[in-house]
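Atoms within a ligand are numbered from 1 in the order they appear, just like the ligands themselves. As the structure is a computational prediction, the values presented were derived from the model and not from experiment. Position 1 is the first residue of the sequence, and the numbers go up from there.
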Amino acid sequence: MSGKHWPPGTQCVTKHDHTKPKPRELAFRKGDMVTIIEAVEGKGWYRARHNETGQEGLLAASTLRERGAIRVDPKLSLMPWFHGKISGVEAVQELQPPEDGLFLVRESVRHPGDYVLCVSFAKEVIHYRVVHEENTLSIDSQQYFSNLIDMIEHYMKEQGAICTKLVKPKPKSGMKSAEEELAKAGWLLNLKHLTLGDRIGQGEFGDVLQGEYMGQRVAVKNIKCDVTAQAFLSETAAMTKVRHKNLVCLLGVILHNGLYIVMEFMSKGNLVNFLRTRGRALVPTQQLLLFALDVAQGMDYLESKKLVHRDLAARNILISEENVAKVSDFGLARVNPKGADATLLPVKWTAPEALKHNKFSSKSDVWSYGILLWETFSFGRAPYPKLALKEVTELLEQGYRMDPPEGCPPPVYALMKSCWELEPGKRPSFKKLTEKLQKELKHLRDI
Ligand code: ADP
Ligand code: MG
């Protein structure tokens, strides 16, 4: 028994060369990426598709490894070539010795808000002013870009109005290229295999599109703003550390149009819409309990990895074709550039100690889980109906708690209330919540 259980869609890296495959086997080289199609019954073999060649075939589990996690590292940059406010003279020094196509970008000292693209060519350094106007960037007033990442991507492919195609970025000292690190670890996907379809959602930071990657249905979050994309790297890094049936799975990222985050496709959308559109008539209590259990299990796993969600709410739970609930958007609170600004917190979901003293923990996630339970059993109602944000905070301190949703089983309401203990230490763990929900489900089946 290898102990490996890779579900369809898992991305794996090959550990060595296998260039002379037997019939039905897959050929590959060390470090190639493959997508698991299915396990071959009882053999420790898998059928998989090669991500580059698209070929399908068999390979032994022992030749595969999972991808390594990306470390959350402030030095990891989507724009390692961005040097900030340095002078033209300093830029020239950075680009020594000369090499055609070696480049960097700096902030313009003379024209605040503009940038300068500095390119080494024929032993000289040429400085191109990048004019920043109405949220667009342009060097020649013909080609316009919405951010620096796109502009650099373009001029690495096409020379356009500048002296040479950009060839090699000169990284700012101490900065590591996120693209290289992601590629090394196996998290960088290939744009040519991605087909994009309709828009299925609108996030705070960008659209979510439906798509297909190597024959698998996917959801793609596109973050266009370069600064936000950089911040999103930390969410993405958190997603590379985890794999659990109740956490939305990250396939990988593509650096194009800012950043594409490619995830497994959750065909039934978020839990709030799921419940609102179907309602009491179509969703039995048992299904509500199963969703609640799924979320508790996903959160128990996150807790075991020492990850705090900070934005647990029914809107961030997605439902698969098979009605499995999965947690998404973990690490998002840290992405919010104004994260420290208490006015932007989801007040009605956030534990009092987190709101007041910024004390986020798995126990503050448990408080939010209580609100999520309430949303679930009220079929997607917004919590604390009719109460203003300010009133909620005050009333909670005085001991007020929401009433049970209509038809909510008393033991489930008792669970909610236990999540809403003012003292974080008195709240149950996600493990305890899992056990209680399992008991409740069993009880429901027995009657
Ligand atoms: P935000 O950045 O605002 O948190 P979300 O990640 O919550 O954005 O996505 C917004 C919406 O897009 C979700 O409510 C959901 O309806 C849809 N969506 C997001 N991810 C997926 C996915 N993996 N599969 C299907 N739909 C998704
Ligand atoms: Mg969200």
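- Contact annotation: for Met266 versus ligand 1, heavy atoms closer than 4.0 Å belong to both the backbone and the side chain.
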Does the ring pair (Phe, Tyr, Trp, His ring centres under 6.0 Å) test come out yes or no for Tyr260 and Tyr213, once each step is laid out? CA-CA 12 Å; Tyr260 282 157; Tyr213 190 80; over 10 Å; no
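- The distance criterion of under 3.5 Å between nitrogen or oxygen atoms is met by Glu264 with respect to ligand 1.
- Contacts of Lys221 with ligand 1, taken as heavy-atom pairs under 4.0 Å, involve the side chain alone.
- If you look at Asn273 next to ligand 1, there are no close heavy atoms at all, none under 4.0 Å.
- With a 6.0 Å radius and a threshold of 12 heavy atoms from other residues, nucleotides or ligands, Arg29 has its CZ atom at or below the threshold.
- At least one N, O or S atom of Asn316, from either the backbone or the side chain, sits less than 2.8 Å from the Mg ion (ligand 2).
- Ligand-side atoms of ligand 1 in range of Asn316: 7 (O), range being under 4.0 angstrom from any heavy atom.
- Annotation: cation-pi geometry satisfied between Arg315 and Trp349 (NZ/CZ under 6.0 angstrom from ring centroid, within 45° of ring axis).
- For the side chain to side chain donor-acceptor pair (under 3.5 Å) with Asp329, the lone residue among Arg310, His309, Lys221 that qualifies is Lys221.
- Asp329 contributes atom OD2 as its closest N/O/S atom to the Mg ion (ligand 2).
- The aromatic ring centroids of Tyr413 and Phe377 lie 6.0 Å or more from each other.
- For the Mg ion (ligand 2), the N/O/S atoms of Asp311 include none lying under 2.8 Å.
- Heavy-atom contacts of Ile200 reach the following atoms of ligand 1: 25 (C), 26 (N) (cutoff under 4.0 Å).
- Figure legend: cation-pi geometry between Arg427 and Trp420 absent, as NZ or CZ is not positioned both under 6.0 Å from the six-membered ring centre and within 45° of its axis.
- Few gaps surround NZ on Lys268; more than 12 heavy atoms of other groups in view lie less than 6.0 Å from it.
- Across the listed options Val208, Thr228, Leu209, Leu318, Val208 owns the non-hydrogen atom lying nearest to atom 9 (O) of ligand 1.
- Residue contact check: Ala219 has heavy atoms under 4.0 Å from atoms 21 (C), 22 (C), 23 (N), 24 (N) of ligand 1.
- Residues Thr14 and Thr63 have side chains not in contact (no heavy-atom distance under 4.5 Å, counting atoms from C-beta outward).
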